There are 2 protein chains.
Amino acid sequence: MGDLEVRQLRYFVAVAEELHFTRAADRLGMAQPPLSRAIRELERQLGVRLLDRTTRQVSLTPAGEALLRDARVALDAVTAAARHARHAAEPEPRLRLALKADYDAGLLPRILAAYEEQPAAIPVDLLLGGRGEQAPALRDGRADVALLPAPFDDRGVEFEPLLTEPRLVALAATDPLAARDQVCLADLAGRLLPDGAPADHGDPQPGSAAVAAQRALADSPRMDLAQIFNLIELGRIVWFPPVSVARRHPRPDITYRPVSDLAPSTLVVAWPRDSRSAAVAAMVRAAVAVAAVVPAGPDEQAAMTAAARSRRAAGSPG
Amino acid sequence: MGDLEVRQLRYFVAVAEELHFTRAADRLGMAQPPLSRAIRELERQLGVRLLDRTTRQVSLTPAGEALLRDARVALDAVTAAARHARHAAEPEPRLRLALKADYDAGLLPRILAAYEEQPAAIPVDLLLGGRGEQAPALRDGRADVALLPAPFDDRGVEFEPLLTEPRLVALAATDPLAARDQVCLADLAGRLLPDGAPADHGDPQPGSAAVAAQRALADSPRMDLAQIFNLIELGRIVWFPPVSVARRHPRPDITYRPVSDLAPSTLVVAWPRDSRSAAVAAMVRAAVAVAAVVPAGPDEQAAMTAAARSRRAAGSPG
DNA sequence: CCCGATTGATACCGTCGAGGTATGGGTGAC
DNA sequence: GTCACCCATACCTCGACGGTATCAATCGGG
C-alpha cells in the first residue's frame with residue numbers, strides 16, 4: 001500500500017511506450033533486469049497486472065493503459081513543481097512565452113508591445129519549439145504561457161482563441177495542381193509522404209500514418225524549413241500552412257493554393273490551469289486585445305471564444 | 001538535476017504544513033534528523049532555499065510556497081494514477097459517487113433512478129464524506145464523480161450546477177433572534193464559536209477564524225449532527241444549512257430563520273478533468289436532467305450553468 | 001545573568017534495496 | 001532444428017535511507 005515513486009512511474013512509462021523491456025531499459029540508461037524487477041515490484045504494489053508479456057510480445061492491460069495516461073500527467077506535475085520552485089526563487093521574475101516560430105500569425109510584435117503596456121508586465125523570455133511542444137511545456141512548467149495553433153492536447157491547460165485563418169497547401173510550381181485556383185483534399189490523396197505512406201485524405205488523425213508523417217515533417221529538429229521546401233518541390237510531401245505562415249515564405253518554386261475542404265487553423269493563447277500569475281493574465285489580456293483588432297473569423301471562432309471565456313470566468317487568469 | 005521523488009515531496013509538504021521539523025517527522029512516522037537531511041537534499045537538488053529556519057522558527061520562502069502549492073497537486077496526481085490503475089483492473093467496473101450526507105438537496109434518489117436508466121450505467125458506490133472531502137477525493141482518484149455544494153476547491157475538477165437554494169441560520173428556540181422573521185449577518189457577529197473566536201460577519205473566508213470553526217464544526221469526524229445541535233441550543237455556534245438540509249432536521253428546540261444577506265448555496269455535480277468514463281458522463285447527464293425539473297434559481301444559477309456547459313463542450317464527459 | 005528546555009543540525013552506523021553482470025529458458029524465424 | 005531474440009532469475013555491490021546519540025543555538029524564567 002506504500003506510495004508509488006516517481007522512478008517507478010518513469011520506468012513504467014518507458015516500458016509502456018516502447019512495449020519492449022530492452023529498448024525501454026536502453027532509453028532509461030539502465031540494464032534490462034533491474035527494469036523488469038522494478039515493473040514487477042510496481043505491479044505487486046498495485047496488486048494489478050499492468051503488462052501482458054510473452055517472450056516475444058509486450059502489451060498493455062486495461063489497468064496499464066489507465067496508468068500510462070495518469071502517469072504522464074503525474075510526472076508532468078512533479079516536473080512542474082520542481083520548475084516552479086526554481087522559477088519562484090529567481091530574484092527578478094520573467095515570463096516564459098512558448099511558441100512555434102512563424103506560427104504567431106504576425107501578431108507577436110503587437111502582442112509583446114501591448115503586453116509591455118500592462119502594469120503587471122515583466123521581462124519576457126521566448127521559447128521557440130516545434131509543433132506539439134508548447135502544451136507539454138505549459139504542463140511541466142517550462143513555459144508560463146504559449147501561442148499555438150489549435151487543436152492541441154489541452155489537458156491541464158486553458159486557452160483563449162485569438163484568430164482563425166484558412167490553411168493552404170504548398171505545391172511545387174510545376175505540379176499539375178498548381179495550375180488550378182483551388183484544390184480539395186481528395187486531389188492530394190495518394191501523395192507520398194516522407195516515410196513512403198500515401199497521404200491520407202481528411203485532416204490528419206492522431207495515430208494515422210499521415211499525422212506521423214506530418215509530425216516527422218514539421219516537428220523533427222532534423223528537418224528544417226529548407227528541407228521541407230525541398231521535399232515539396234520534389235512533390236514528395238504535402239504541407240498545409242496557415243495563410244500567414246505561407247505569406248512569410250514566398251518562394252519562386254513553391255505555389256500556395258487554397259484547399260476547399262481543409263479545416264482552418266486557429267491560433268490560441270494558452271496557459272496552465274491554476275496559474276495564479278498576474279503576468280500571465282496580463283499576457284492573455286494583451287493577446288486577446290491585439291487579436292480583437294484583427295478582422296474576426298467565422299462562427300466557429302465565435303463559438304470557441306465564448307466557450308473559453310466562460311471557462312476562464314470560473315476562476316483563472318484573465 | 002535528477003528528478004524529484006514522491007517521498008521528498010511528501011516530506012516537504014509535511015514540514016511546510018507543520019512549519020516544525022520535529023512535529024512533521026512525528027507525523028511522517030520517522031525521526032527528525034533524516035527528515036532534516038532529506039529537506040536539505042531537496043533544496044540542494046532544486047538549487048533553491050525552500051525554508052528559512054532558525055532554531056526557533058521555520059518559515060516558507062517564496063520558492064517554498066510555490067513548491068507547496070504544486071507538490072500537493074503532484075502528490076494527488078500520483079495517488080490518482082495508482083487508484084485509477086487499481087480501479088481499471090477490477091473485472092466489473094463501479095462508479096464511486098462522493099457526497100456529503102444530507103447535502104444532496106433530496107435529489108439523490110431521483111438522480112440514481114435516472115442514472116440507472118442510462119445505457120452506460122454501472123453499479124454505484126456511495127462515498128459519504130465530510131465537507132471539503134469530495135473535491136480532494138476526485139483529485140486523488142478515490143471518487144469518480146461527486147455531488148457537493150459550491151464553492152469548493154475546483155482545481156483539476158469540472159462541475160455543472162444543479163440547483164441553488166438559500167441558506168438559513170440555525171438558532172436555539174430560546175434565542176432572542178428566533179423571535180424575528182429574518183436576521184442578517186451583522187446580528188450574528190460576535191457569537192462565540194467552538195474555539196472561542198467571535199463569529200466573523202460575512203461569508204466565511206478561507207483562513208479566517210470563522211471558517212476554521214465552521215470546518216471544525218461541520219467536518220470533524222469527532223462532531224456529529226447531534227453535537228452540532230447541542231451546541232446550537234446552547235447558542236455556542238452558528239450554522240448556516242441550506243433549506244433542504246434544515247428541512248430534514250426539524251427539531252423542537254431549534255429554529256431556522258432566513259438570513260437576508262447570506263450567499264445562497266449551490267449544489268453541483270463535479271468530476272475530474274480529463275475523465276473519459278462514459279459512466280461518469282451518464283451520471284452527470286442524469287443529475288442535470290433531474291435538477292432541470294426543479295424550479296430554477298435566480299440569474300446566478302443561469303450564469304454558472306452556462307459557464308460549465310461551455311466548459312464541458314470543450315472536451316469532457318457530458 | 002545564567003541555566004534549562006526546546007529544536008534543528010551533525011556524526012556515525014546498520015540495513016535494505018536499487019542497479020549491475022551473468023545466465024537461464026522460452027518463442028518465433030528461417 | 002538451429003539461431004537469434006528477449007524477458008526472467010540469481011547473485012553481488014554499493015549507496016542512501018533511516019535510526020540513535022550528541023552538539024549547538026535560541027528563548028524563557030528565576
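Please read all numbers here as calculations on a predicted model, not as lab measurements. So that the names make sense, note that chain A is the first sequence line, chain B the second, and so on, each numbered from 1.
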So which nucleotide from [options] ends up closest to the side chain of [X]?
| X | options | answer |
| --- | --- | --- |
| B/P33 | D/dC7, C/dT21, D/dA21 | D/dA21 |
| B/A31 | D/dA8, D/dG19, C/dT21 | D/dG19 |
| B/R53 | D/dG19, C/dG8, D/dT9 | C/dG8 |
| B/T22 | D/dG19, C/dT7, D/dC7 | C/dT7 |
| A/Y11 | D/dC6, D/dG19, C/dG19 | C/dG19 |
| A/R7 | C/dG19, C/dT21, C/dA9 | C/dG19 |

I need the [atom1]-[atom2] distance between [X] and [N], as an integer number of Å.
| X | N | atom1 | atom2 | value |
| --- | --- | --- | --- | --- |
| B/F21 | C/dG8 | CZ | P | 7 Å |
| B/Q57 | C/dT6 | CD | C1' | 13 Å |
| B/D52 | C/dG8 | CG | P | 14 Å |
| A/E5 | C/dC16 | CD | P | 18 Å |
| A/L28 | C/dA18 | CG | P | 15 Å |
| B/M30 | C/dG8 | CE | P | 13 Å |
| B/L42 | D/dC17 | CG | C1' | 15 Å |
| B/L35 | D/dA16 | CG | P | 18 Å |

Short side-chain N/O contact to D/dC7 OP1/OP2 from A/R40, under 4.0 Å: no
B/S36 side chain near C/dA9 phosphate (N/O to OP1/OP2, under 4.0 Å):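 Affirmative; the distance criterion is met.
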Within the 4.5 Å heavy-atom criterion, are [X] and [Y] side-chain neighbours or not?
| X | Y | result |
| --- | --- | --- |
| A/R94 | A/D144 | no |
| B/L50 | B/L42 | yes |
| A/R142 | A/Q134 | no |

Any donor-acceptor N/O pair under 3.5 Å between D/dA16 base and B/E41 side chain: no
Given DNA chain D, 5'-ward residue of the pair A/R37 and A/T54, judged by closest heavy atom: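 Here A/T54 is the residue nearer the 5' end.
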Check: B/L51 main-chain N/O paired with B/E43 side-chain donor or acceptor under 3.5 Å: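 Yes; judged by distance alone, with no hydrogens or angles, the pair exists.
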B/E18 (side chain) donor-acceptor with B/R23 (main chain) under 3.5 angstrom: no
